[in-house]
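Chain identifiers are assigned alphabetically (A, B, ...) following the order of the sequence lines, protein sequences preceding nucleic acid strands; residue numbering begins at 1 within each chain. As the structure is a prediction and not an experimental result, all values here were calculated from the model. What's counted below: heavy atoms across the whole structure, side chains too, no hydrogens, waters or symmetry copies.
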Protein chains: 2
Amino acid sequence: MPNSPQHLHDVLVHLRRIIRATDLQSKRVVKACGLTIPQIMVLRSIEALGDVTVRKISDSVSLSQATVTTILNRLEDRKYVERVRAQKDKRIVNARLTESGLEILKTTPPLLHEKFIDEFESLEGWEQTQVLSSLQRIAMMMDAENLDAAPLLDINSPDSLA
Amino acid sequence: MPNSPQHLHDVLVHLRRIIRATDLQSKRVVKACGLTIPQIMVLRSIEALGDVTVRKISDSVSLSQATVTTILNRLEDRKYVERVRAQKDKRIVNARLTESGLEILKTTPPLLHEKFIDEFESLEGWEQTQVLSSLQRIAMMMDAENLDAAPLLDINSPDSLA
DNA sequence: TCAAAAAAGTTACAGCTCAAAGTATATAGG
DNA sequence: CCTATATACTTTGAGCTGTAACTTTTTTGA
């Protein structure tokens, strides 16, 4: 007999801790290289996908279009990114890395901290797999509500951010 | 041979999705009852702990003291919470639920959406346990960096939020 | 052809989040 | 007693985040 209410409560508690830890890691990364994790993810996404629309970045990093716009604003202010309007369809804006953008990207540390990486790598293969699949399961269950509204995402879209 | 780099990347991707889903759920909850998830967590924490200091709330909900202060500001503006300065030690501020605070708390929906709850409860007991322990593992590994700096937290502090 | 609908982005707004600096109070050591 | 340190909290400043409303451009259908 699973004690679901208690387990659900615990799920929430752990999720909150994870979210907080992610945030703290982002502050640490800022100190190291001057960029936040979301900024780095956007830059990497542009690097991986080449000249790319805001929509595609937004899908690839799992952030709303509006959020990506504000992140791009900051990156453009700092000259790490250029926006180029497409000739063909003038609604479309393509983001492109500048030289400095490419440079700064080389200085960025791993997005998960060293201790995490060490610990994770010290796990047995099957343990890594188990942790990963649990995480995936949670992610899918949490996304359920949203996927309904927007059913058919492009499953083949490249996912090569972090 | 575990493929750690790939696994690490996947961990990050899933974490981002989870964080986003949490955010979206918070917006959904706002529409339902006018309070965000962090606000509800703070209210519940006060309900559970009685008159309670900002520091204790902050520990119990895994948010910084500064964040709790801003959340309390909003809750106080809306008369859900009162701040009472301690007689003995005037540095200390105790938060207390008002009548309306207690009322509104009764109207708050579950903090994880229905589909999540259904799906989670439909898992076998051992699966729930596995998911939970993976989550706990991730949370602990991600926290490692922070626990170092502030080693001795009060392990016995009540955890009865969400 | 041309108005209506759709699509891509941006803006406005409100809340969350933290570190660091600031304020007020309490405690400890000389 | 009185200064130095520590504690409890608040303020400040900056970035992240999403929804809803908006602009511009394209597509669709009568």
What is the separation between atom [atom1] on [X] and atom [atom2] on [N], rounded to the nearest whole Å?
{"X": "Ile18(A)", "N": "dT17(C)", "atom1": "CD1", "atom2": "P", "result": "15 Å"}
{"X": "Lys31(A)", "N": "dG15(D)", "atom1": "NZ", "atom2": "P", "result": "16 Å"}
{"X": "Leu15(A)", "N": "dC16(C)", "atom1": "CG", "atom2": "P", "result": "18 Å"}
{"X": "Ile40(B)", "N": "dG15(C)", "atom1": "CD1", "atom2": "C1'", "result": "14 Å"}
{"X": "Ile57(A)", "N": "dT10(C)", "atom1": "CD1", "atom2": "P", "result": "10 Å"}
{"X": "Arg28(B)", "N": "dT17(D)", "atom1": "CZ", "atom2": "C1'", "result": "15 Å"}
{"X": "Asp59(B)", "N": "dC9(D)", "atom1": "CG", "atom2": "C1'", "result": "14 Å"}
{"X": "Ile19(A)", "N": "dC16(D)", "atom1": "CD1", "atom2": "C1'", "result": "13 Å"}

Does [N] have OP1 or OP2 under 4.0 Å away from a side-chain N or O of [X]?
{"X": "Thr36(B)", "N": "dC16(C)", "answer": "yes"}
{"X": "Arg83(B)", "N": "dA8(D)", "answer": "no"}
{"X": "Arg20(B)", "N": "dG18(D)", "answer": "yes"}

With a 4.5 Å heavy-atom cut-off, do [X] and [Y] have their side chains touching?
{"X": "Leu112(B)", "Y": "Phe120(B)", "result": "no"}
{"X": "Leu63(B)", "Y": "Ile71(B)", "result": "yes"}
{"X": "Val29(B)", "Y": "Thr36(B)", "result": "no"}
{"X": "Arg20(A)", "Y": "Asp143(B)", "result": "no"}
{"X": "Arg55(A)", "Y": "Gln65(A)", "result": "yes"}

Name the closest nucleotide to the Thr53(A) side chain, picking from dT10(D), dG9(C), dG15(D).
dG9(C)
Can you identify which nucleotide, out of dC16(C), dG18(D), dC16(D), has its nearest atom closest to the Asp23(B) side chain?
dG18(D)
Please work out which residues in residues 84-99 of chain A have a non-hydrogen atom less than 4.0 Å from an atom of DNA chain D and list them by number.
Lys88(A), Asp89(A), Lys90(A), Arg91(A)
Interface residues of residues 63-81 of chain A with DNA chain D (non-hydrogen, below 4.0 angstrom):
Leu63(A), Ser64(A), Ala66(A), Thr67(A), Thr70(A), Ile71(A), Arg74(A)
All heavy atoms of Arg85(B) vs all of Arg91(B), minimum pair found to be NH1-O, 3.4 Å
Work out which heavy atom in Thr69(A) is nearest to a heavy atom in Arg83(A); give both atom names and the distance.
O-NH2, 3.4 Å
Over all strands shown, is Lys56(A) touching base, sugar-phosphate only, or nothing at heavy-atom distances under 4.0 angstrom?
nothing
Glu127(B) atom CD: more than 12 heavy-atom contacts under 6.0 Å
yes
Hydrophobic clustering (ILVMFWY, side-chain heavy atoms < 4.5 Å, transitive) - are Ile104(B) and Leu49(B) grouped together?
yes
